Amino acid sequence: MAVSLYHLVVDTHDLPSLARFWRQVLDWRVLFEAEDEIVIGADEHAMPGMCFLPVPEKKTVKNRLHIDLAPDDQAAEVERIIGLGARRVDVGQSEDATWVVLADPEGNEFCVLRPKKSLID
C-alpha cells in the first residue's frame with residue numbers, strides 16, 4: 001500500500017495571520033478557508049500542503065518537528081522572510097552552521113538551508 005505526505009498541520013493561535021505568513025514565505029496560495037481551517041499549497045493537486053488549525057494556547061516549547069527551506073540564495077531569503085515577520089532564534093546551533101534558524105510569528109522554529117541539489121546534499 002502506497003502512502004504520500006499530504007499536509008503539514010500547524011496549530012495556531014492566530015489562524016489568518018500565520019497562514020498568510022507561510023503563504024507569503026512559500027509563494028503559495030490559499031486553497032481552502034473556513035473559520036476553523038485554512039489550507040495553503042502551490043496548487044490543489046501539488047502535495048504536500050499546509051493546513052492551519054486554531055488552538056487556544058500559545059506555543060511554549062521548542063518544536064519536535066520543523067520545516068527546512070532550501071532557497072537559491074540563503075542570505076536574500078533570510079532577509080525576505082524576516083521582512084515578513086520571522087525572527088532569528090538560537091536553538092543551540094554552532095557559529096559555523098550552514099543553516100539559519102528562524103521562528104515564524106508564533107515562535108515555530110524553521111531553518112533556511114544553504115542551496116541544495118538533493119535530499120542528501
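Just so we're clear, the structure is a prediction, and the values are computed from it rather than from any experiment.
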Asks: Count the heavy atoms belonging to other residues, nucleotides or ligands that lie under 6.0 Å from NZ of K58, then report whether that count exceeds 12.
Replies: no
Asks: Should E79 and R88 be marked as a salt bridge (Lys or Arg N to Asp or Glu O under 4.0 Å) after you check the CA-CA gap, both sets of side-chain angles, and the distance that decides it?
Replies: CA-CA 10 Å; E79 292 311 309; R88 289 179 182 262; 3.8 Å; yes
Asks: If you count the non-hydrogen atoms of other residues, nucleotides and ligands that lie under 6.0 Å from CG in L5, is the total more than 12?
Replies: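 More than 12 within 6.0 Å, yes.
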Asks: Looking at CG of D90 and CD of E95, how far apart are the two atoms once the value is rounded to the nearest 0.5 Å?
Replies: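 Separation between the atoms: 9.5 Å.
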Asks: Is N63 reaching over with its side chain to a backbone N or O of H66, donor-acceptor style, under 3.5 angstrom?
Replies: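 No.
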Asks: Going through the distances and angles, do D73 and E77 end up as a side chain to side chain contact (heavy atoms under 4.5 Å, CB included)?
Replies: CA-CA 6 Å; D73 181 332; E77 199 59 21; 6.0 Å; no
Asks: Between K59 and E109 (salt bridge meaning N to carboxylate O under 4.0 Å), is one present in this structure?
Replies: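 Yes, this pair counts.
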Asks: Is there side-chain contact between V100 and L102, with heavy atoms separated by less than 4.5 Å?
Replies: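 A side-chain contact exists here, since the closest heavy-atom pair is under 4.5 Å.
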Asks: So L53 and D36, side chain to side chain contact (heavy atoms under 4.5 Å, CB included) or not? Walk me through it.
Replies: CA-CA 6 Å; L53 301 173; D36 61 350; over 6 Å; no
Asks: So which atom in R23 and which in W28 form the shortest heavy-atom distance, rounded to 0.1 Å?
Replies: CG-O, 2.8 Å
Asks: Do the non-hydrogen side-chain atoms of D104 and L84 ever get within less than 4.5 Å of each other?
Replies: no
Asks: Using a 4.5 Å cut-off on heavy atoms from C-beta on, say whether the side chain of V10 contacts that of M50.
Replies: yes
Asks: Rounded at 0.5 Å granularity, tell me how far CG in L15 sits from CD in E106.
Replies: 9.0 Å
Asks: Does a side-chain heavy-atom distance below 4.5 Å link K62 with V91?
Replies: yes
Asks: Does any part of the side chain of L113, heavy atoms only, come nearer than 4.5 Å to the side chain of T98, both counted from C-beta?
Replies: no
Asks: Look up atom CG in L69 and atom NZ in K116, then write down how far apart they are to the nearest 0.5 Å.
Replies: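 Those atoms lie 12.5 Å apart.
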Asks: Test R29 against D43 for salt bridge (Lys or Arg N to Asp or Glu O under 4.0 Å), laying out the working first.
Replies: CA-CA 7 Å; R29 58 191 180 106; D43 177 270; 3.8 Å; yes
Asks: Looking only at non-hydrogen atoms, find the nearest pair between G85 and P105 and report the distance.
Replies: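 Of all heavy-atom pairs spanning G85 and P105, the closest is O-CG, 3.9 Å.
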Asks: Should I38 and T12 be marked as a side chain to side chain contact (heavy atoms under 4.5 Å, CB included) after you check the CA-CA gap, both sets of side-chain angles, and the distance that decides it?
Replies: CA-CA 11 Å; I38 296 177; T12 175; over 6 Å; no
Asks: Do F21 and V55 land in one hydrophobic cluster if side-chain heavy atoms of ILVMFWY residues count as linked below 4.5 Å?
Replies: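 Different clusters.
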Asks: Do any N or O atoms from the side chain of Q93 and from the backbone of V89 form a donor-acceptor pair under 3.5 angstrom?
Replies: yes
Asks: If you define the side chain from C-beta out and look only at heavy atoms, does anything of C51 sit under 4.5 Å from L8?
Replies: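 A side-chain contact under 4.5 Å is absent here.
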Asks: So, S118 side chain and I120 main chain: donor-acceptor pair closer than 3.5 Å or not?
Replies: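 Indeed, once roles are kept as given, a pair shorter than 3.5 Å links the two residues.
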Asks: Could you check if a side-chain atom of E37 sits within less than 4.5 angstrom of a side-chain atom of F52, using non-hydrogen atoms only?
Replies: no
Asks: Take atom CD of E35 as the centre, draw a 6.0 Å sphere, and report whether it contains more than 12 heavy atoms from other residues, nucleotides or ligands.
Replies: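 No, because the 6.0 Å sphere around CD of E35 holds 12 heavy atoms or fewer from other groups.
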Asks: With a cut-off of 6.0 Å (strictly less than), are more than 12 heavy atoms of other residues, nucleotides or ligands near CG of D121?
Replies: yes
Asks: Given I67 and W22, is the side chain to side chain contact (heavy atoms under 4.5 Å, CB included) satisfied, shown in steps?
Replies: CA-CA 11 Å; I67 296 169; W22 281 104; 4.1 Å; yes
Asks: How long is the straight-line distance from CD of E33 back to CG of L31, given to the nearest 0.5 Å?
Replies: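 Here the interatomic distance stands at 11.0 Å.
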Asks: Would W99 and F110 count as a close aromatic pair, with their ring centres under 6.0 Å?
Replies: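 When the ring centroids of W99 and F110 are compared, they turn out to be at least 6.0 Å apart.
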Asks: According to a hydrophobic-cluster definition based on side-chain heavy atoms being under 4.5 Å apart (Ile, Leu, Val, Met, Phe, Trp, Tyr only), do L26 and V101 belong together?
Replies: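 No, it is not one cluster - the side chains of L26 and V101 are not joined through contacts under 4.5 Å.
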Asks: Would you indicate whether the side-chain heavy atoms of V30 and V39 approach each other to under 4.5 Å?
Replies: no
Asks: Checking R80 side chain against V25 main chain: does a donor-acceptor pair fall under 3.5 Å?
Replies: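 Between the backbone of V25 and the side chain of R80 there is a qualifying donor-acceptor contact (under 3.5 Å).
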